[in-house]
Amino acid sequence: MELQTLTYIVVGLTFALYIGIAVWARASTTGEFYAAGRGVHPVANGMATAADWMSAASFISMAGIIAFQGYDASLFLMGWTGGYVLLAMLLAPYLRKFGKFTVPEFIGDRFYSKTARIVAVICLIVASLTYVIGQMKGIGVAFGRFLEVDYDTGLYTGMAIVFFYAVLGGMKGITYTQIAQYCVLIMAYTIPAIFISLQLTGNPIPQLGLFSNTVADGTPLLAKLDQTIVDLGFAQYTAQKTNTLNLVLYTFSLMIGTAGLPHVIIRFFTVPKVKDARSSAGWALVFISILYTTAPAVGAMAMLNLANTVQPGPVAAADGALEYEARPQWFKNWEKTGLLTFEDKNGNGRVEYRNGDTNELKVDRDIMVLANPEIAKLPNWVIALVAAGGLAAALSTAAGLLLAIASAISHDLLKGIFNPQITEKGELLAARISMAGAIAVAGYFGLHPPGFAAQVVALAFGLAASSIFPALMMGIFNKRMNNTGAVVGMLVGITSTLVYIFWFKGWFFIPGTAMAANSPDNWFLGISPEAFGAVGAILNFVSAIVVSKVTQAPPEHIQHMVEDIRTPRGAGGATGH
């Protein structure tokens with residue numbers, strides 16, 4: 001069957017499944033809208049959390065960044081998976097025991113302050129909106145290729161679909177939709193990886209194929225990739241290319257940002273018991289690891305296939321580069337999206353992919369996973385499955401983020417502060433209107449994103465790391481932390497990180513408003529905007545602790561509440577023997 005027709009069929013069937021589930025499980029109460037009625041099984045919640053977590057950045061963009069950055073991009077794997085361990089051990093069970101719907105609700109109650117709750121809402125919205133911008137970039141890429149239209153049209157189409165099933169279903173609908181989306185995206189990621197690993201190395205397990213010899217000439221795959229891209233003038237794939245301080249802070253920022261992201265944390269309010277929250281995090285880690293251990297192989301193999309396609313002959317030979325008129329169909333398909341472009345600078349009619357000013361081929365990193373099966377000439381049904389998986393990944397996380405934003409506005413601001421007497425029906429309507437507004441704002445910024453999907457998402461992690469994570473940690477483990485310290489800490493963390501990001505990325509991500517070029521030469525101590533969240537978190541902790549030391553201690557009942565949160569239910573006092 002022709003590829004486009006098959007893609008429509010596969011994607012259409014998966015969408016029909018998602019929408020059917022959303023209608024079947026639509027929320028009728030605020031409890032179902034915010035927390036799925038607290039009746040989700042830990043394994044199911046782990047699968048839904050994995051889908052929520054494995055966004056467009058994980059599915060579409062992470063392997064693309066690994067393909068182009070090599071060793072340096074390993075920080076995404078370490079940061080995001082390490083963060084889940086932090087989440088499971090330090091936050092999930094305690095927040096679930098506290099028993100509130102949202103992160104700002106916990107912060108408002110723990111720090112006995114409406115101001116703290118409002119500041120937490122602002123931090124949550126800023127981090128979540130930035131994250132949604134990254135998802136919108138992925139949605140635009142995936143829909144652009146699927147529909148064979150330009151990026152902008154693909155983005156508008158994806159926004160309409162997100163609006164329909166996220167606004168209708170709430171957390172209950174999103175949870176069961178995400179379970180289906182996980183199944184789709186994990187098959188779409190691993191099946192092509194198995195095919196390509198077999199094709200290049202003869203090993204059906206991509207994780208092992210990465211370290212195996214190639215079928216073509218028996219050389220180790222990574223050694224062959226190193227040589228191939230060095231010949232094209234690029235840095236060695238397996239070598240470290242950026243400074244160690246930035247790598248460490250970038251990893252740390254992603255790690256604590258993971259543990260502070262509100263759309264992930266609220267998933268642990270959907271399970272029946274406290275122990276189920278920790279169990280959910282464990283299952284999520286299992287489901288996530290399947291994709292995350294496959295990603296390095298996908299990135300490396302995609303890069304090798306791309307380089308061999310556009311440079312089939314020796315670099316020194318006049319006819320070594322691909323002739324533009326003889327370019328393969330996948331090349332033409334991606335040109336339609338505007339995410340792959342060719343400029344014949346020397347007029348020889350050949351696609352010369354080189355490092356530096358002589359390069360004639362621009363490849364958006366976010367296309368690599370979706371283009372990989374086409375480049376490798378895999379069967380059409382595999383290519384169609386990858387399109388469905390990319391869409392599932394982008395849509396599932398976008399829905400979870402939008403729910404976090406809607407919950408913050410309707411539950412924390414409207415009901416919690418400005419209009420406590422609002423009816424349940426009115427609160428549901430406000431949540432859905434908030435979600436629609438968030439889609440519109442994120443879509444606007446998605447038209448001109450401040451980087452590749454994974455880079456934009458990294459900025460969101462930095463914002464969560466610098467503002468929400470320290471407040472949660474000190475709220476659970478420091479009973480002396482008071483409301484003044486928490487508010488000052490959140491404001492210092494979010495403000496310092498935002499200013500640093502806007503300084504190099506443009507104010508409010510508006511093109512042309514950056515104060516300095518976004519390059520290592522201008523960064524403070526070589527720290528990139530994506531890595532600065534770790535510095536913001538340190539500033540948050542320090543300022544909060546100092547202010548709390550010189551201001552009044554929290555009330556006695558708040559300190560007892562903190563101790564109770566940390567005590568397993570049913571535990572008695574220590575006794576002598």
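Along the sequence shown, residues are numbered consecutively beginning with 1.
Side-chain contact check for Lys505 versus Leu459: some heavy-atom pair is nearer than 4.5 Å.
Side-chain contact of Gln311 with Arg354: a donor-acceptor pair under 3.5 Å is present, judged by distance alone. Using modelled atom types, one finds no donor on one side chain facing an acceptor on the other under 3.5 Å when comparing Ser197 with Asn203. Defined by atom type and a distance below 3.5 Å, a donor-acceptor pair is present between the side-chain atoms of Gln207 and Thr294. Side chains of Asp72 and Gln240: a donor-acceptor N/O pair is absent below 3.5 angstrom, by distance only.
Only one option out of Leu75, Thr251, Thr258 pairs with Trp80 in a side-chain contact (heavy atoms from CB on, under 4.5 Å); it is Thr258. No option in Asn380, Val11, Ile383 other than Asn380 meets the side-chain contact (heavy atoms from CB on, under 4.5 Å) test with Leu6. Of the residues listed (Phe76, Tyr131, Phe469), the one engaging Phe461 in a ring-ring contact (aromatic ring centres under 6.0 Å, His included) is Tyr131, and it is the only one.
Rounding to the nearest 0.5 angstrom, the gap separating the CG atom in Leu200 from the OG atom in Ser212 is 10.5 Å. A distance of 11.5 Å separates CD1 in Ile60 from CD1 in Ile367, rounded to the nearest 0.5 Å. Taking CE of Met301 as the reference point, atom CG of Leu225 lies at 10.5 Å (rounded to 0.5 Å). One distance of note links OG1 of Thr130 with CG of Leu463; it measures 5.0 Å at 0.5 Å rounding. Atom CG in Asn305 sits 12.5 Å away from atom CD in Glu374 (nearest 0.5 Å).
Residues Leu77 and Ala295 come closest through the heavy atom pair CD2-CB, 4.3 Å. Here the closest heavy-atom approach between residue Gly209 and residue Thr201 is recorded as O-CG2, 3.4 Å. Taking both residues in full, the closest heavy atoms of Lys241 and Ala235 are given as CD-CB, 3.3 Å, listed atom of the first, atom of the second, then distance. Across every non-hydrogen atom of Met187 and Leu385, the tightest pair is O-CD2, 3.9 Å. Of all non-hydrogen atoms in Gly389 and Ala188, the two that sit nearest each other are CA-CB, 3.5 Å.
Each side-chain hydrogen bond (donor to acceptor under 3.5 Å, both in side chains) pair with one or both residues in residues 220-233, not counting sequence neighbours, appears once here: Asp217-Lys224, Asp226-Gln236, Asp226-Thr238, Gln227-Asp231.
Using a distance-only test at 3.5 Å, with no hydrogens or angles considered, a donor-acceptor pair links the side chain of Thr337 to the main chain of Trp334. Side-chain atoms of Asn308 come within 3.5 Å of backbone N or O of Leu304 as a donor-acceptor pair. Thr214 places a side-chain N or O within donor-acceptor distance of the main-chain N or O of Thr219, the cut-off being under 3.5 Å.
We find that Asp319 and Arg350 are not joined by a salt bridge, their nearest charged nitrogen and carboxylate oxygen being 4.0 Å or further apart.
Checked against a 6.0 Å centroid threshold, the rings of Phe234 and Tyr353 count as neighbours. Tyr189 and Phe59 have their aromatic ring centers within a separation under 6.0 angstrom.
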Kindly determine whether Ser61 and Lys137 satisfy side-chain contact (heavy atoms from CB on, under 4.5 Å), including the steps that lead there. CA-CA 10 Å; Ser61 193; Lys137 171 70 192 303; over 6 Å; no
In sequence, state the C-alpha distance, the side-chain angles, and the governing distance for Phe287 and Tyr182, and then conclude on ring pair (Phe, Tyr, Trp, His ring centres under 6.0 Å). CA-CA 9 Å; Phe287 292 127; Tyr182 174 79; 5.3 Å; yes
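No more than 12 heavy atoms of other residues, nucleotides or ligands shown are found within 6.0 angstrom of OH on Tyr71. Atom CH2 of Trp283 has 12 or fewer heavy atoms from other residues, nucleotides or ligands within 6.0 Å.
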